[in-house]
Enquirer: 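Below you will find the structure I want to go over with you.
Note that these values count all heavy atoms, side chains included, but never hydrogens, waters or copies made by symmetry.
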Amino acid sequence: MTTGRLEQFEGAATIEKVAALCRRRAFVFPSSDIYGGLGSSFDFGHYGVLLNDNVKDEWRRALIRERDDVVALDSAIILNPEVWVASGHVAGFSDPLVDCRTCKLRFRADKLEDSSCGRKPSVHPGEFSACDLTEPRQFNLMFETYVGPVREDASRAYLRPETAQGIFINFKNVTSSMRVKPPFGIAQIGKSFRNEITPGNFLFRMREFEQMEMEFFVPPADAEEWHRYWIQQRRDWHIELGLRESHLRVRAHGPEELSHYSSATSDIEYLYPIGWQELEGVANRGDYDLRQHSEASGTKLEWVGHDERYVPYVIEPAISVVRASLAFLCDAYHEEVVSERPRTVLRLHPRLAPVKVAVLPLIGRNAAMAETARPLYEELRQSMSAEYDADAAIGKRYRRQDEIGTPWALTIDDQTLSDGTVTIRDRDTLAQERISIESARDVLEAKLAEPWRPRGD
Ligand code: GAP
């Protein structure tokens, strides 16, 4: 397993620059913007939706579609509150917090070095002589709500802080209705909610985020081997989709870091511009969850085969869509000078790029060019995300596509009208070649199927 030797992110991206591009190009908007925003909440614009969809689709492809041993699930967000008692979240899903009696702000006790005191000049909490911090107290991260018309303790429920529990409580439903047998997995994508106390850093830590989680049920004796297998699989997925290997490392949790349910966890860490941070966790949850729910619900959650009966161990790769998208955006963000003009380009893996191809009549107002370009665009969009753009000078249109990471542009010009060829421009190399209009769809589909690596990796 590689360990990171880099201390610093290599590239032009900073969180601020990526956030600015995301806003400018309709990937991500601050949520409730016209009301002054809401901490750590973001709305996704057109290209952000397409990027996130591609990330989810790649996850489903690798974890469900191309495997025989993983099935899908989509469980409810609000579950019976007893689920969260049995899972240990009501008692244990908390962060240690300190309050400052002077500035009345609240901080995570274990992240003081990442926090700023409310006073200027900005220092860490506790570093001013006037700072007066309380002892740490545990603060539960689950959002509460009430089910039904009466707001009382008996109707209190929680917005799920992880999708995993919805999978555990469906273990019996799935094993009795699907042709599955350990080792097998149940995968789900869905929103999770956490009342995070140290938000910030753009999409990195949100209060509402989509998780992609898979619980893989295995015979207990095989759990360590499957843990190693899934760490490797998940690391390979990030690399296959274009993250630079030098920006990835695997780090095993020390005993003091382990979650209440975990017997071993390794984080796949990415070197974000803010430093090495958890991108994805791969945990060995042992039989903790199935045993807890068996005991609390009275329903035995175990594997019963012809001549065997046991409670499986669980290996869990878990990642949020936003942490993945943010890593892909940071890795892809480049600034360079082309023909003495600066350009910003997102070198996203073509399969992740929100738009695969832009169809551009060289002169937007030229009716013959537009009449040739439009049917080509309409054909291409049947099999891939395509965009038609006839506004502004061609250079400006290329820049726009570069900034949203479109890998190829097809330009219809005078020559097209005489010989039926178009130029295909490559986002990364800027090379332009001529291909026939008839072959354009095949050419692009073939390019999309090719492996792709970032330049210089
Ligand atoms: N079911 C296990 C679990 O939820 P976790 O390490 O708390 O484990 C799994 O979360 C993944 O979810 C993390 O690796 C990260 O990708 C993502 N994640 C966790 N908290 C997040 C937050 N506040 N904002 C965005 N993503 C988050």
Enquirer: I'd like to know whether the aromatic ring centres of Phe217 and Phe171 sit less than 6.0 Å apart in this structure.
Expert: yes
Enquirer: For the residue pair Met206 and Glu196, establish whether any side-chain heavy-atom pair is separated by less than 4.5 Å.
Expert: no
Enquirer: Any heavy-atom pair between the side chains of Lys17 and Glu335 that's under 4.5 Å?
Expert: yes
Enquirer: Which heavy atom in Glu316 sits nearest to a heavy atom in Ala164, and how many Å separate them?
Expert: OE2-CB, 3.4 Å
Enquirer: Kindly assign one of parallel, tilted or perpendicular to the pair His89 and Phe93, based on the angle between their ring planes and the thresholds 30° and 60°.
Expert: tilted
Enquirer: Considering non-hydrogen atoms only, spot the tightest contact between Tyr288 and Ser87 and give its length.
Expert: OH-O, 3.2 Å
Enquirer: In terms of the angle between their ring planes, are Phe143 and Phe193 parallel, tilted or perpendicular, with boundaries placed at 30° and 60°?
Expert: perpendicular
Enquirer: When you compare the side chain of Ser263 with that of Tyr313, does any pair of heavy atoms fall below 4.5 Å?
Expert: no
Enquirer: Closer than 4.0 angstrom, basic N to acidic O: yes or no for Arg137 and Asp99?
Expert: yes
Enquirer: Taking the six-membered ring for Trp and the full ring for Phe, Tyr or His, determine whether the centres of Phe202 and Phe42 are under 6.0 Å apart.
Expert: yes
Enquirer: Quick check against the 3.5 Å criterion: does Ser294 have a side-chain atom that pairs as donor or acceptor with the backbone of Leu301?
Expert: yes
Enquirer: From Ile189 CD1 over to Met212 CE, what is the distance, rounded to the nearest 0.5 angstrom?
Expert: 6.0 Å
Enquirer: Can you name the closest pair of heavy atoms from Ser262 and Ala283 and give their distance?
Expert: OG-CB, 4.2 Å
Enquirer: Under the rule for side-chain contact (heavy atoms from CB on, under 4.5 Å), what residues qualify as partners of Cys131, not counting sequence neighbours?
Expert: Cys117, Phe128
Enquirer: Relative to each other, are the rings of Tyr272 and Phe204 parallel, tilted or perpendicular (30° and 60° limits)?
Expert: perpendicular
Enquirer: Is any side-chain N of the basic residue among Arg351 and Glu240 closer than 4.0 Å to the acidic one's carboxylate O?
Expert: yes
Enquirer: So which heavy atom on Leu279 is nearest to which on Ile319, and how close?
Expert: O-CG1, 3.2 Å
Enquirer: Is the shortest side-chain heavy-atom distance between Phe168 and Arg285 below 4.5 Å?
Expert: yes
Enquirer: Flag the pair Glu245 and Arg235 as a salt bridge only when some basic side-chain nitrogen lies within less than 4.0 angstrom of an acidic carboxylate oxygen.
Expert: yes
Enquirer: Any donor and acceptor pair, going by atom type alone, linking the side chain of Glu213 with main-chain N or O of Ala318 inside 3.5 Å?
Expert: no
Enquirer: If the plane angle is over 60° it's perpendicular, under 30° parallel, otherwise tilted; pick one for His247 and Phe9.
Expert: parallel
Enquirer: Rounded to the nearest 0.5 Å, how far apart are CZ of Arg427 and OG1 of Thr406?
Expert: 8.0 Å
Enquirer: Show me the pairs that pass side chain to side chain donor-acceptor pair (under 3.5 Å) and involve residues 140-155, at least two apart or across chains.
Expert: Glu144-Arg156, Asp153-Arg156
Enquirer: Considering only heavy atoms from C-beta outward, does the side chain of Arg400 approach that of Arg25 to under 4.5 Å?
Expert: yes
Enquirer: Does Trp276 have Arg249 sitting over its ring (NZ/CZ under 6.0 Å from centre, angle to axis within 45°)?
Expert: yes
